[in-house]
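Below you'll find the structure, written out as structure tokens, and then a few comments.
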Amino acid sequence: LATYEHWNSLHPILHWGPDRTRHLFVIDQTGTVKSTLLKSIIAQDIVAGAGVAFLDPHGDPAEELLELIPSHRTDDLVYFAPGDLE
């Protein structure tokens, strides 16, 4: 997700392993990095072959996530947009 510096060396900040089985709650003001953070986590899961469910009331972040789907995972994709009549 990011790195932090400790004793003049960079260390990764990860959200993996046992932490992935727990809920993640991200809250911040509008226009900050919440969507970017969630897209990064979801992209990591998709590349790793994990299943992902993303519920988006607005549509834009979900459509941006479509661009991150690797070609070998497109058969696994279900995109449901109830407000899109087309």
Side-chain angles (χ1 to χ4, degrees):
L1 299 177
T3 58
Y4 70 95
E5 186 175 350
H6 180 70
W7 293 77
N8 295 324
S9 64
L10 293 176
H11 302 275
I13 298 173
L14 305 171
H15 187 250
W16 198 250
D19 292 336
R20 302 295 275 166
T21 63
R22 296 182 177 94
H23 294 285
L24 175 66
F25 184 71
V26 181
I27 186 168
D28 206 346
Q29 63 187 359
T30 302
T32 57
V33 297
K34 294 183 302 293
S35 293
T36 303
L37 171 68
L38 291 174
K39 285 190 290 187
S40 295
I41 292 171
I42 290 168
Q44 290 176 15
D45 286 351
I46 291 169
V47 169
V52 173
F54 183 72
L55 304 175
D56 174 25
H58 304 292
D60 294 337
E63 291 176 4
E64 292 169 10
L65 283 171
L66 291 175
E67 299 172 11
L68 303 177
I69 306 292
S71 59
H72 69 278
R73 294 291 312 267
T74 55
D75 288 342
D76 300 333
L77 177 67
V78 175
Y79 182 79
F80 176 66
D84 186 357
L85 300 178
E86 293 179 27

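Quantities reported herein were computed from a predicted structural model and do not represent experimental measurements.
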Residues pairing under side-chain hydrogen bond (donor to acceptor under 3.5 Å, both in side chains) where one sits in residues 68-77, two or more places apart or in two chains, turn out to be Arg73-Asp76

Residues 37-55 vs salt bridge (Lys or Arg N to Asp or Glu O under 4.0 Å), sequence neighbours excluded, gives Arg20-Asp45, Lys39-Glu64

Return the set of residues passing side-chain contact (heavy atoms from CB on, under 4.5 Å) with Glu5 (not counting sequence neighbours), or none when no residue passes.
-> Asn8, Leu10

Find out if a path of hydrophobic residues (ILVMFWY) with successive side-chain heavy-atom gaps under 4.5 Å connects Ile69 to Phe54.
-> yes

For Leu66, what residues pass the side-chain contact (heavy atoms from CB on, under 4.5 Å) criterion, not counting sequence neighbours?
-> Leu77, Tyr79

Identify, with sequence neighbours excluded, every residue that meets ring-ring contact (aromatic ring centres under 6.0 Å, His included) alongside Tyr4.
-> His11

What closest approach, in Å, do Ile46 and Pro70 show between heavy atoms, and which atom pair accounts for it?
-> CG2-CD, 3.4 Å

Hey, does Ile42 have a side-chain heavy atom less than 4.5 Å from the side chain of Leu68?
-> no

Minimum side-chain heavy-atom gap Leu37-Ile41 below 4.5 Å = yes

